[in-house]
Amino acid sequence: MERSKDTYQHGILNQGDENEMAPASPSNAKSHTFSGIDKTPGCKFVLLECEMETFGYKAQSIRRMVCVFGYIISCGFLWLIFYWKPEWHVWAHCIPCSLQEADTILLKTTDEFEQYCRKNVIWIQPQNLNISKTTTTVTPVIADSKSIISKSIQKPDLKVKMIRVQKISYVWDQEEQKFERAGVLEDSLSCYDIHSKFAYGLTTEEQNIRRSICGLNKIEVDVVPIWKLLLKEVLNPFYAFEACSLALWFAVGFIEYSIAVIIMTLISIIFTVHDLRKNGAQLHNLVESNNSVKVTVRHKNGECKEIESQCLVPGDVLVLTGKKLFLPCDTILITGGCIVNESMLTGESVPVCKIPLPHLDRTLPWKEHSGEDFKRHILFCGTEVIQTKSAGHGHVKAVVLRTGFNTAKGDMVRSILYPKPMNFKLYRDAFRFLMILATVAVIGTIYTVAVFVMNGIQFDSSDVVIKALIIITTAVPPALSAALSTGIMYAQRRLKTQGIFCISPQRINVCGRLNLICFDKTGTLTEDGLDLWGLLPASEKSFQKILNFTSGNTLPWGPLLGAMSSCHSLVNIDGTLQGDPLDVKMFEGTHWYLEGIASARNWRVAGREEHILHGPPPAGLLGEVPVEGIAIVHQFPFSSSLQRMSVVTHAIGDDKLVVYMKGAPEMVTTFCKSESVPKGFTSELQFYTTKGFRVIGLAYKTLEGYKISGESNFLREDVESNLEFLGLLILENRLKPETKPVLQELSSANIRTVMITGDNLQTAITVAKTSGLVPENSKVILVDADEPDGLNPAKISWHPVEGHEECSDDDKTKKILLNQNNATEGILTSLEGQQEGVIMERTAFTTAQVGEVKSPNLTTQENQTLNIEIERRTIEEEAKGGYHFAMSGKSYQAILQHFPCLLPKLMVNGAIFARMSPGQKSSLVEEFQKLDYYVCMCGDGANDCGALKVAHAGISLSEQEASVASPFTSRTPNIRCVPQLIKEGRAALVTSFCVFKYMTLYAMIQFICLLLLYWQINILSNYQLLVQDVAVTILVCLTMSLNHAYPKLAPYRPPAQLMSPPLLLSVVLHSVLTLAIQVYGFLLVQQQSWYSTYPPRNTAALETNLCFTLEKPSVSSNTCELEQLKEKTNNIQYVHICHESYETTTLWYLTTIHCIIVAFVFSKGKPFRQPIYTNYIFTFVLVAQLGVSIFLLFADIENIYNVMELVCTSTSWRITIFIMLIITVILSILAEELIIENRKLWLLLKKCFKYKSKSQYRKTIRLVEADTNWPPINRTYRTKPVSRHTNEKTEVYINPTFENEEFLK
């Protein structure tokens, strides 16, 4: 399908972690009709975690002229609208077109926010490319004709079309007709391509071209000038609304009040700009250091030259000289080895070994060839190179992979500059609530116009509009957003004093709703360090006597000693061992020593230099050792996904290569000869893991077919095969002292806790029970699932862990562990025309196998078939079920792919997830979020970084720089920070509701007051409004949020919805109360015997029944405004619109003190915040405000009356007002305590009206209460393989679950 010129092309701009660009399919192109706007997506960007659709537009001169004319006649208001709504700007100025013809690109996020941004197309002119004039094509200059750099240069004009989005440049691919990300090497390159095309460097010409297109290699965060920050802040819709309000208040003569508001607004803007400037400067200083580094680059002619790191481009060859260096870009290691410190990215200050990219595969992309462990070849930007190891006589070289903001550090900085917006109910409901207030304001506006018309007053239309606009600015308070932000700001400061730092303040409110906490195990729940407990050797198909290290025993020379001394990634830096704590403990147990970098003896064996040496211990410590040392020839670093590491070594003076492996015992045995694995392996492993020990498997073999001399490319498949099992290394991992109390506190607060760890499943179960994460009386059910293997279908089975523990015989235990392979299996299938379900065959099981956990209605009848509706099945709520599920990462992945309908049922009671890879941790957190849980992830290491970012609240226990990638960072390395964060989150959330309710009631109180005064063509005076808005409301908003969090977690969470019955009822009740009080006071004062239309200002005049004689004042009078009325017979009548009236004075006292009462009533304390009297500043403010107001009520000072434009009333009337206010206090408190805050009442109403939560996890929990067959203990489900005949007549595995339309939505 060809793209015509009138085609409106759009796309999705793709910028994911894989740095891949999704092709724009021609089928996605759609003909454009100018009658409408086509918004169908095609190509996509993925910016950070946000995907964006792209639309092409072309500017039109006529449209632009019309818009400019609109700017002029609207006095810039139309421009302001377009500034806030960039999509309207594009639609008004441009016409749709294809992306190829577009000069303006409109981008829209595909999330629920659907935010737009506008980007202009940039053209790089030929002179900027610096291409030789003698060439008409770039082919001689760009070596790789398939690279995006080559394809982006349009011939013969030699121009490049690009756009820049969130610091990333995208160039137009002329061949593929899509935008591609610049500044990176293509992921489609194979290992062979990288070595053959880039290993020898680039020419100077190609470097210049790449630099022109990709830009300089620098992560630059500009410190924005103050005037720009001020302009951007002032153009905020909130300040624009306030500016309109100020103009209105100036128009009606509220000069002093307007000046006070301007001063406070300026103070707020100054503080905001100061914070933005300070944060920008800090971030600028953080990243600036990497922008000016001297590096050595190899050119294609073989010359090595030292240049500024800013000049690096993708494809350059970086030569690592061995000096300590903070890498200025992401690179792929192609020769030699490196040890780097990645704490800046991962938070773990553990040295990481990097290995070169193999020079092998010619077809697969290099990332696919390396699998999940492709990062072991990458040296990331910002990480420190601690040590380099050259191969032979060559240099350590790395090819530049990504530069600038495309790097890992650049992504981290961009995540700070462009945070993902939070989708929180409070923020969604706030807009809806403001729409309700706006509706009320419209009603008030109609009332205002009607009142003036009904009175027959001939006002200027502008004056009526002003009075109506005053009603709007009163009903919708401009200071609402600023007031809401104060609570978050105070909570952030309180967290900082507790050692918890936050880079995403908006998430603090979300923390108030957390109801599921995911914990890593090692370093989070347990101590980071390990103690070497013992070694269980294996030989002759059985385990030998255990060697207990606590007794001071030492190992003799042999394979076990070789494995413990060499199978690690430790380095000796300045006399200190650095590396994984497990490796440190293991190596220290051998009493060997590791030579430092500076003192390492360069042993030369057949031309190969070995830089990392393990020398024997000092003489006499362990007796005679027949070798001088052990040298590591090659290392396959530990990988969380592979759960193992291995090294190729040789003893000094010996030509034999020996392979050592360590890792998860169950993983290590899969690479060992079956005859070398002891018969009691399963029972021994289970015995130690159930006791809470950390167990590591060891294995070795003598490597054949490889020589020490020359360059040997070791294949992991060959190295890690046919190993001899050596034994089990047992380490003790103690719980942190804070773990058990914190988990108990969370459990008492009805907050779910889940363990997500990369450790052994049985160890995780034991730690979960020991720590209290799983109650002692709760049963743990092991869920085991397998992927399909050939024609064997995927299957899932359930087994009670307690049943395993009861079997002491090795064979019986092994039989139970492998029960899923021996049991009669059911078939999970979906038959056409029938309801989906499970056809399950049951087999009788012994009591020992079932243990104490039995499924109800479980009979011993063989081959009985039941139909179970999976979609109607669930499990009981965790607090009532009495059991928890445990599964491994392998099982979780199989369930996710092949049993998705069972996943929610497993997750609502899943408590232990072991052997989880980093990707699986992130996936699990997202699955919990799909069930409407508010998830917090707490971890301390590299494995947790992904989960920390995707969770609603991620808490890093690391003190490293990498913590900026996590929303929260605790300087205290234990989980005590979790309840502290939840408490502050709850306090901040309740504070937000308090402030929101107060601001709403404050607006309603003034709104009703003005409506009543408008009835008499009157209004509050300048100083009267000044006292209410500044002396009362603003001080309340600034101090109400100072309440600290309550020290004890309540067993329930605060509400998160503004549009909820309790809050709406609270606003309605208090609004009705203020309406009743004000109307009563307004009408009752007119019934008093001393009431007069022209009241006196002092008591003496009132008592002598004298009134001031008011003559016609001048137009400039500040006390009274005289408006001309209709003419009757030749006389001109004037209406008295004066602030000085009995109605105004009465309503001002009532409304002012009512605002103080509402502040007191709405300032909630227990159970989420500390009582109001602990907030000393707020208490003082309320007492002072109330005291001054009562003083003004009963005082008889004429000067005060003159300034405040009040009039004197009788003492009896003042007492009446005081009694009315006392009644208001009583009714307000009763309404809040007996109705609004009465939790039992609302629970009873929910029960009466049969209200049920709409949360997905609640729905799943409710369904299980009627299910008597869950969990299916000792049963196995499997999917049925469906044969499909293709042209090749082969069978294809199909999962029936995905054939159902329900799962294809």
Side-chain angles (χ1 to χ4, degrees), residues 440 443-444 447-448 450-451 454-455 471 474-475 997-998 1000-1021 1024-1025 1027-1028 1032-1033 1065-1095 1102 1138-1162 1185-1186 1189-1194 1204-1236:
V440 173
I443 296 174
Y447 165 86
T448 301
V451 165
M454 288 173 58
N455 280 274
I471 287 292
T474 301
K997 287 171 62 175
Y998 173 76
T1000 303
L1001 259 297
Y1002 148 74
M1004 289 296 99
I1005 290 171
Q1006 273 198 353
F1007 178 77
I1008 294 171
C1009 177
L1010 289 181
L1011 292 184
L1012 291 174
L1013 292 178
Y1014 276 7
W1015 185 260
Q1016 290 197 334
I1017 319 299
N1018 211 335
I1019 195 172
L1020 292 175
S1021 70
Q1024 289 170 0
L1025 285 174
V1027 170
Q1028 284 188 350
V1032 176
T1033 301
L1065 182 60
S1066 177
V1067 173
V1068 170
L1069 286 179
H1070 287 284
S1071 298
V1072 170
L1073 180 59
T1074 189
L1075 176 64
I1077 295 297
Q1078 291 189 47
V1079 170
Y1080 181 76
F1082 182 81
L1083 297 177
L1084 188 61
V1085 73
Q1086 296 176 1
Q1087 307 301 322
Q1088 303 304 309
S1089 59
W1090 41 261
Y1091 175 79
S1092 171
T1093 308
Y1094 306 97
L1102 180 65
C1138 183
H1139 304 307
E1140 298 171 348
S1141 68
Y1142 287 119
E1143 292 88 350
T1144 304
T1145 300
T1146 300
L1147 291 182
W1148 185 81
Y1149 284 130
L1150 288 174
T1151 55
T1152 303
I1153 300 180
H1154 195 186
C1155 287
I1156 301 172
I1157 294 172
V1158 168
F1160 171 76
V1161 173
F1162 285 168
Q1185 290 174 343
L1186 185 61
S1189 299
I1190 295 176
F1191 171 77
L1192 292 177
L1193 175 62
F1194 289 100
M1204 297 298 299
E1205 299 186 54
L1206 298 172
V1207 297
C1208 61
T1209 59
S1210 66
T1211 305
S1212 60
W1213 179 244
R1214 301 178 194 184
I1215 295 175
T1216 303
I1217 293 176
F1218 187 72
I1219 294 174
M1220 293 168 61
L1221 292 171
I1222 292 177
I1223 296 174
T1224 303
V1225 173
I1226 296 174
L1227 293 179
S1228 298
I1229 294 176
L1230 289 178
E1232 283 293 310
E1233 297 300 325
L1234 297 182
I1235 301 176
I1236 307 304

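Keep in mind that what you see is a predicted model, and the values were worked out from it rather than measured.
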Considering residues, nucleotides and ligands other than Y1080, do more than 12 of their heavy atoms fall under 6.0 Å from its OH?
no
Check the pair E1205, S1141 against side-chain contact (heavy atoms from CB on, under 4.5 Å), reporting the backbone distance first and the verdict last.
CA-CA 9 Å; E1205 299 186 54; S1141 68; over 6 Å; no
Backbone N/O of Y1002 and side chain of Q1006: donor-acceptor pair under 3.5 Å
no
Nearest 0.5 Å, what's the CD1-CG distance between I1223 and L1073?
10.0 Å
Do Q1024 and T1144 touch side chain to side chain, with heavy atoms closer than 4.5 Å?
yes
Could you report the tightest heavy-atom contact between T1146 and G1081, atom names first, then the distance?
CG2-O, 4.0 Å
Under 3.5 Å, side chain of T1145 to main-chain N/O of V1207, donor-acceptor pair present?
yes
I need the minimum non-hydrogen distance between L1193 and R1214, along with the two atoms involved.
O-CD, 3.0 Å
Within-4.5 Å side-chain heavy-atom neighbours: I1215 and F1194:
yes
Measure the CG-CZ distance between L1011 and F1007 for me, rounded to the nearest 0.5 Å.
4.5 Å
Contact between I1019 and L1025 at the side-chain level, heavy atoms closer than 4.5 Å - yes or no?
no
Contacts of type ring pair (Phe, Tyr, Trp, His ring centres under 6.0 Å), residue H1154, not counting sequence neighbours:
none
Checking T1216 against L1084 for the side-chain contact (heavy atoms from CB on, under 4.5 Å) test, could you report, in this order, the C-alpha distance in whole Å, the side-chain angles of both residues, the deciding distance, and whether it holds?
CA-CA 10 Å; T1216 303; L1084 188 61; 4.3 Å; yes
Kindly indicate whether the side chain of H1070, heavy atoms from C-beta on, has any atom under 4.5 Å from the side chain of K997.
no
Mind checking whether Y1149 and L1221 have side chains closer than 4.5 Å, heavy atoms only?
no
If you compare all heavy atoms of S1189 against all heavy atoms of I1153, which two are closest, and at what distance to 0.1 Å?
CB-CG1, 3.6 Å
Distance from I1235 atom CD1 to S1066 atom OG, nearest 0.5 Å?
10.0 Å
V1027 side chain reached by W1148 side chain, heavy atoms, under 4.5 Å:
yes
Test of ring centre spacing under 6.0 Å for F1162 and Y998:
no
Rounded at 0.5 Å granularity, tell me how far OG1 in T1224 sits from CD1 in I1157.
5.5 Å
Inter-residue atom distance F1082.CZ - C1009.SG, 0.5 Å rounding:
9.5 Å
Is the centre of the Y1142 ring less than 6.0 Å from the centre of the W1090 ring?
yes
S1071 to L1001 - nearest heavy-atom pair and separation
N-CD1, 3.9 Å
Can you tell me how far the CD1 atom of I1008 sits from the CG atom of L1147, to the nearest 0.5 Å?
10.5 Å
I'd like to know if the side chain of Q1185 reaches the main chain of I1156, judged simply by a donor and an acceptor atom lying under 3.5 Å from each other, with no hydrogens or angles considered.
no
If every non-hydrogen atom of I1005 is compared with every non-hydrogen atom of Q1078, which pair is closest and at what distance?
O-NE2, 3.2 Å
Flag if over 12 foreign heavy atoms under 6.0 Å of CZ, F1160:
no
Would you say Y1091 has more than 12 foreign heavy atoms packed within less than 6.0 Å of its OH?
yes
L1069 side chain near I1236 side chain, heavy-atom distance below 4.5 Å:
yes
Minimal non-hydrogen separation, F1218 against I1190, with atom names
CE1-CD1, 3.9 Å
Residue pair E1143 / L1013, side-chain heavy-atom distance below 4.5 Å
yes
Test log, rule side-chain contact (heavy atoms from CB on, under 4.5 Å), inputs Q1088 and S1210
CA-CA 10 Å; Q1088 303 304 309; S1210 66; 5.7 Å; no
